[in-house]
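Comments concern the structure below.
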Protein chains: 2
Amino acid sequence: MNKKVLSIGLAVVLGAGYSLTVLSQARPEVAVKQRQAVMDLHGKYMYGDLLPMGQEKRPYDANIVARDVGFLDALSKMPWDNFTPATKDVKSNSRPAVFSDTAKFKEAQDLYQGEVAKLVALTKSGGAEAAVKPQILAVNRACNNCHETFREKL
Amino acid sequence: MNKKVLSIGLAVVLGAGYSLTVLSQARPEVAVKQRQAVMDLHGKYMYGDLLPMGQEKRPYDANIVARDVGFLDALSKMPWDNFTPATKDVKSNSRPAVFSDTAKFKEAQDLYQGEVAKLVALTKSGGAEAAVKPQILAVNRACNNCHETFREKL
């Protein structure tokens, strides 16, 4: 799929002024693009800020952590309803197991969302750096846990 | 840019297990991809759910509205720091005015974020359907206001 096709898809999704509900729900390519968008943004905040702080590769900044964890809270809930059976044959980095082993996929999602929820609770209650950092690493392990089984090796 | 190049970019952003801070902040293509990701997800929730409800093209569902407005609250804060001068020459739908008329661009962002903030406040306080719907339309007008000047015609 070249950029032109992607751009047309984007134009379809973003075309304003009238309802595109049916269209945007029906098109598997759009669903894939949207779930990939979540992963891109997860990358921005997790790999761009949080993980380097958790790994002590960058100075800890409680304000950035609070902001990013708030974003992660929203992002962590967004991609799952885009993994519809209709997207099974759209080229992406999802492995077939996403669609064949849905129980295990759900389990991996729940593990990840549980770790994010703990991180959210920690930062909302003003958790200390010493408590937040290991929880950032726990979220990252839950990301990797899901990717190991359900994402193609990059 | 074809899909392979995009995939390589994605692989770079999502490569886990070590810090990519410098890389992800330094690469203009990644910054563009991330801000486009925000717009894709805005499309999912705004054009997929909220606007059709605001326009009475789809039955109003207060639970979906509350969820989506929470997502919009986060998304509305995400794209702006990706419009860096370094991204000026990366192919995208941004018009040159984004980088040449930064004061007006900021004004359009503030208008949009103000309307989203009103929508967030309304839904958090359990605002009635009759109050929420026009505010959804106000958010949409603020989207379009910015797009008119700062986004290429799609």
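Numbers restart at 1 for each chain; the letters A, B, ... are given by sequence-line order, proteins then strands.
In this structure, the portion of A:Arg67 lying under 4.5 Å from any heavy atom of chain B is its side chain and not its backbone. Heavy atoms closer than 4.5 Å to chain A are found nowhere in B:Leu137, neither backbone nor side chain.
Residues A:Val98 and A:Leu111 are members of separate hydrophobic clusters, defined by side-chain heavy-atom contacts under 4.5 angstrom among Ile, Leu, Val, Met, Phe, Trp and Tyr. B:Ile64 and B:Leu72 end up in the same hydrophobic cluster when Ile, Leu, Val, Met, Phe, Trp and Tyr side chains are linked at under 4.5 Å.
Closest approach of B:Asp40 to A:Lys33, counting heavy atoms only: OD2-CE, 3.4 Å. Across all their heavy atoms, B:Ala74 and A:Ala74 have their closest contact at CB-CB, 3.8 Å.
A salt bridge links B:Lys44 with A:Asp81: at least one charged nitrogen is closer than 4.0 Å to a carboxylate oxygen.
Looking at heavy atoms from C-beta onward, A:Leu75 lies in side-chain contact with B:Met78 at the 4.5 angstrom threshold.
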